[in-house]
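Worksheet: one structure, shown below.
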Amino acid sequence: MIAIGCDHGGFEIKEKIRIYLENNHIIFKDFGTNGTASVDYPEFAKKVSESVSSGESKFGILICGTGIGVSIAANKIKGIRAALCHNVHYAQMAKKHNDANILCLGGREITDKEAIDIVNAFLNTKFESGRHEKRISQISELEKM
Ligand code: RB5
């Protein structure tokens with residue numbers, strides 16, 4: 001399952017991502033927000049991150065205006081490797097090298113098509129493992145500090 005969430009700055013793109021996931025028969029859980037009224041992004045970052053951290057969801061997608069706020073917030077949660085991706089290449093590298101488990105997007109920074117292309121790349125790229133494994137373990141060690 002994929003957990004998705006956003007604030008008001010990411011709402012419109014979240015709706016496009018919902019359609020993409022539905023059309024591709026990908027099961028998802030939408031943690032909101034569900035409109036353009038102003039809300040606080042840490043609340044939605046927490047819900048999506050906890051779904052991924054607990055194992056309920058395999059991956060998460062978070063969108064705010066720039067993607068910065070949700071990425072900072074999500075990375076506070078144990079086990080989360082949230083990557084703010086501006087293009088397809090970033091999304092591919094975030095999976096290949098960083099084993100990212102949450103994709104963050106800037107709803108006010110990219111087009112609908114760019115967003116869908118980035119989501120598609122994120123969901124269809126695999127972690128390369130190998131030499132990157134120990135670095136991911138080192139990131140986990142940082143959580144103990
Ligand atoms: C909301 O106006 C905006 O600050 C938020 O969506 C996000 O860009 C924060 O990082």
Side-chain angles (χ1 to χ4, degrees), residues 1-128 132 135-145:
M1 184 165 77
I2 309 293
I4 62 173
C6 66
D7 74 355
H8 51 289
F11 173 68
E12 286 175 19
I13 280 189
K14 176 169 71 65
E15 295 311 290
K16 300 291 187 299
I17 293 170
R18 280 177 58 99
I19 294 166
Y20 165 87
L21 295 172
E22 281 165 4
N23 288 345
N24 287 280
H25 311 290
I26 297 167
I27 297 166
F28 65 92
K29 185 166 175 181
D30 186 350
F31 288 89
T33 189
N34 293 311
T36 52
S38 183
V39 292
D40 299 324
Y41 59 80
E43 177 188 340
F44 301 93
K46 179 173 184 281
K47 287 176 180 168
V48 167
S49 298
E50 285 179 343
S51 179
V52 174
S53 178
S54 70
E56 178 189 46
S57 296
K58 190 172 181 194
F59 298 115
I61 301 172
L62 281 165
I63 316 114
C64 66
T66 58
I68 296 170
V70 286
S71 63
I72 292 172
N75 278 312
K76 299 288 182 194
I77 306 290
K78 192 170 162 44
I80 296 303
R81 291 178 299 280
L84 172 54
C85 297
H86 300 293
N87 58 43
V88 164
H89 180 66
Y90 272 58
Q92 290 167 336
M93 295 308 291
K95 285 295 277 296
K96 282 184 187 178
H97 285 199
N98 311 114
D99 199 17
N101 50 17
I102 294 188
L103 169 66
C104 299
L105 299 170
R108 295 173 179 152
E109 307 294 332
I110 53 175
T111 65
D112 293 350
K113 184 183 182 309
E114 286 170 335
I116 298 306
D117 288 347
I118 294 169
V119 167
N120 187 52
F122 186 80
L123 296 180
N124 290 296
T125 304
K126 287 191 167 34
F127 179 45
E128 280 180 353
H132 303 294
R135 296 162 186 161
I136 301 307
S137 299
Q138 288 167 1
I139 291 173
S140 300
E141 287 297 311
L142 296 176
E143 288 174 343
K144 297 174 187 162
M145 295 185 71

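Start at 1 with the first residue, then count along the sequence. Indexing begins at 1, ligand by ligand and atom by atom, following the structure's order. These numbers come from a predicted model, not from an experiment.
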Exercise answer, ligand 1 polar atom pairs (N/O) under 3.5 angstrom:
residue, atom, partner, partner atom, Å
ligand 1, 2 (O), Arg108, NH1, 3.3
ligand 1, 6 (O), Asp7, OD1, 3.4
ligand 1, 6 (O), Asp7, OD2, 2.6
ligand 1, 6 (O), Gly65, N, 2.7
ligand 1, 8 (O), Gly65, N, 3.2
ligand 1, 8 (O), Thr66, N, 2.9
ligand 1, 8 (O), Thr66, OG1, 3.3
ligand 1, 10 (O), Thr66, OG1, 3.4
ligand 1, 10 (O), Gly69, N, 2.9

For Phe28, the ring-ring contact (aromatic ring centres under 6.0 Å, His included) test, sequence neighbours excluded, returns none
Any Lys/Arg nitrogen of Glu12 or Lys16 sitting under 4.0 Å from an Asp/Glu carboxylate oxygen of the other?
-> no
Near Leu142 CG, under 6.0 Å, is it more than 12 heavy atoms from other residues, nucleotides or ligands?
-> yes
The single option from Lys46, Glu56, Lys58 that satisfies side-chain hydrogen bond (donor to acceptor under 3.5 Å, both in side chains) with Ser51 is Glu56
For His89, check ring-ring contact (aromatic ring centres under 6.0 Å, His included) against everything at least two apart and list the hits.
-> none
Contacts of Phe59 that satisfy ring-ring contact (aromatic ring centres under 6.0 Å, His included) - sequence neighbours left out = Phe122
